[in-house]
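A quick note: this is a predicted structure, and the numbers were derived from the prediction, not measured.
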Amino acid sequence: MSLGSGPVRVGIVGAGGRGRLHARAVARVGGRVTAIAEPVRERRERLADTHDVPAAARFAHWTDLAERGADRVDVVVIATQDHDHADPAVAFAERGVHLLCEKPIAPDEPEARRVAEAVRRAGVQFTISHPLRYAPSTRALVAALRAGRIGDLVSVQHLEPVGTWHFAHSYVRGSWRREDLASSLLLAKCSHDIDLLTHLVSDRPTRLASFGRLSHFRSDRRPEGAGTRCLDCAVEPTCPYSAPRIYRSCLGDPDWEHQLLGAVTDVPTPEALDEALRDGPYGRCVYRCDNDVVDHQVVAFEFDSGITATHTVTAFSAQAPRQTRVFGTHGAVEANGGVLRFHDFRAHPDRAVETVSVGDGRAPHQEGDEELVRVFLRAVADDDPAGNLTGLEEALTSHRIVWAAERARRSGETVAMTWEPAAVCR
């Protein structure tokens with residue numbers, strides 16, 4: 001994966017979980033991490049050491065990388081917190097650097113438009129981290145739908161089962177717990193699920209409605225006898241959201257120490273973890289936090305063709321892959337992780353169902369993450385964005401739908417959407 005002068009050079013802005021994941025994908029697909037910008041010294045040094053980034057290319061702030069190190073990178077990965085995406089995206093675009101941006105572009109439409117204008121003005125390539133389009137199971141499902149395998153598409157049902165521990169970690173105790181600190185749950189967690197629906201239907205909705213609220217993770221739902229922190233709580237041994245149980249189970253597992261525990265403590269030892277749970281945000285009782293994002297939500301869509309779709313996101317589930325059901329005039333298909341189960345209404349009963357496994361066994365999100373990086377670095381290397389399935393227009397489409405859904409949820413009204421002609425749902 002190289003330009004004429006060598007591998008595509010990538011700067012990582014934000015060395016948290018997603019920044020580390022993207023950096024690993026860059027190395028796996030043949031790019032090269034050549035600069036890091038991260039204010040937390042331990043995270044910056046650890047990631048830089050992993051990828052042999054020289055001392056001169058290790059920056060405490062993205063502004064330092066933009067001002068003094070932009071010539072070291074062809075691409076930057078924007079993996080800062082949600083409210084901190086727009087400024088670095090604009091600054092690097094103005095310096096001619098291509099952008100791989102974590103979702104969302106920005107929490108609100110004016111800021112997202114500011115990024116879009118900077119990208120168009122500079123003529124740089126842009127991709128949003130909507131990896132579900134790139135998963136092998138999605139590609140196989142889309143190919144089957146486009147080939148007419150289940151006849152004409154009629155409706156889609158999509159479920160995002162966040163998982164109890166994941167929701168408690170990220171959206172009750174963690175950085176995405178409040179809209180003023182990050183964004184809505186639908187934008188922070190499900191904008192790529194909304195994007196997936198437009199991709200499957202190959203269209204954009206004309207009407208939508210949405211319902212959801214914060215039902216459980218509130219002080220009035222606190223069990224009798226619960227403490228303010230898990231380490232001092234009499235209820236903790238039987239609580240589904242026990243922080244000690246969740247995080248101690250990660251110790252000794254490199255993947256979970258990377259994916260989950262890294263947000264809690266920079267030192268993955270029992271002693272450091274207990275200290276973090278005693279004093280830090282991840283040891284708080286889930287009923288005594290300052291969270292305000294919804295813990296379940298449903299969005300219903302109608303497309304101009306008459307196709308309907310629903311998206312459900314819930315905290316109250318076991319850890320599981322996303323589940324999608326697509327219904328057509330001649331058949332239906334269920335997608336559960338990397339497994340597709342086709343039902344043919346016209347076939348003899350013995351041949352009415354076919355199950356196909358796609359991918360390498362990882363969750364579609366994980367496979368899609370790596371493939372997204374591969375495709376984008378290839379687009380930059382070839383100076384050809386044709387293979388980029390999640391470009392600027394696709395990103396703006398998914399975000400506009402989410403903002404409309406949030407208006408519908410808050411107002412209780414059905415919201416109509418209008419679109420300029422554009423082929424963004426390929």
Would you call [X] and [Y] a side-chain contact if the rule is heavy atoms closer than 4.5 Å?
X	Y	answer
Thr198	Arg133	yes
Ile246	His169	no
Tyr171	Val294	no
Val97	Asp74	no
Arg178	Val293	no
Leu200	Leu145	yes
Glu394	His130	no
Leu208	Thr414	no

More than 12 foreign heavy atoms under 6.0 Å from [atom1] of [X]: is that the case here?
X	atom1	value
Asp49	CG	yes
Arg346	CZ	yes
Arg409	CZ	yes
Asp180	CG	yes

Does a donor on one side chain sit under 3.5 Å from an acceptor on the other, for [X] and [Y]?
X	Y	answer
Gln81	Glu102	no
Ser215	His296	yes
Ser219	Arg288	no

Once you round to the nearest 0.5 Å, how far does [atom1] of [X] lie from [atom2] of [Y]?
X	Y	atom1	atom2	answer
Leu261	Asp266	CG	CG	10.0 Å
Asn336	Leu159	CG	CG	9.5 Å
Leu181	Asp290	CG	CG	7.0 Å
His199	Leu141	NE2	CG	9.0 Å
Asp152	Phe327	CG	CZ	16.0 Å
Gln125	His98	CD	NE2	5.5 Å

Hey, do the aromatic rings of Phe167 and Phe316 have their centres closer than 6.0 Å?
-> no
Closer than 3.5 angstrom, by distance alone: can the side chain of [X] be matched with the main-chain N or O of [Y] as a donor-acceptor pair?
X	Y	result
Asp292	Glu179	yes
Arg229	Gly280	yes
Ser242	Cys239	no
Lys103	Ala188	yes
Glu117	Arg114	no
His399	Ile105	yes
Arg284	Arg173	yes
Thr206	Glu302	yes
His61	Thr63	yes
Thr34	Val73	no

Charged tip of Arg245 within 45° of Trp165 ring normal and under 6.0 Å = no
Any cation-pi pair here, Arg44 with Phe59, using under 6.0 Å and within 45°?
-> no
Can you spot which of Gln323, Arg325, His343 makes a side chain to side chain donor-acceptor pair (under 3.5 Å) with Glu334?
-> His343
For [X] against [Y], the heavy-atom pair lying closest together:
X	Y	result
Ser317	Thr314	OG-O, 4.1 Å
Asp82	Ala182	OD2-CB, 3.8 Å
Ile307	Leu153	CG1-O, 3.4 Å
Asp193	His311	CB-CE1, 3.5 Å
Tyr282	Leu277	O-CD2, 3.7 Å
Ile78	Pro88	CD1-CB, 3.9 Å

Could you please spell out the steps behind the salt bridge (charged side-chain N to carboxylate O under 4.0 Å, His left out) verdict for Arg46 and Glu42?
-> CA-CA 6 Å; Arg46 184 183 303 117; Glu42 292 81 1; over 6 Å; no
Passes side-chain hydrogen bond (donor to acceptor under 3.5 Å, both in side chains), Glu406 versus Gln297? Steps please.
-> CA-CA 10 Å; Glu406 283 300 284; Gln297 188 169 355; 2.9 Å; yes
Only one of Asp295, Leu214, Val286 forms a side-chain contact (heavy atoms from CB on, under 4.5 Å) with Val172, so which one is it?
-> Val286
Dump the intermediate steps for side chain to side chain contact (heavy atoms under 4.5 Å, CB included) on Asp87 and Trp62, then the final yes or no.
-> CA-CA 10 Å; Asp87 285 343; Trp62 69 261; 3.7 Å; yes
Begin with the C-alpha distance, continue with both residues' side-chain angles, and end with the deciding distance and a verdict on side chain to side chain contact (heavy atoms under 4.5 Å, CB included) for Thr164 and Tyr241.
-> CA-CA 7 Å; Thr164 53; Tyr241 311 104; 3.8 Å; yes
Step by step, work out the side-chain hydrogen bond (donor to acceptor under 3.5 Å, both in side chains) result for Thr390 and Thr127.
-> CA-CA 5 Å; Thr390 50; Thr127 199; 2.7 Å; yes
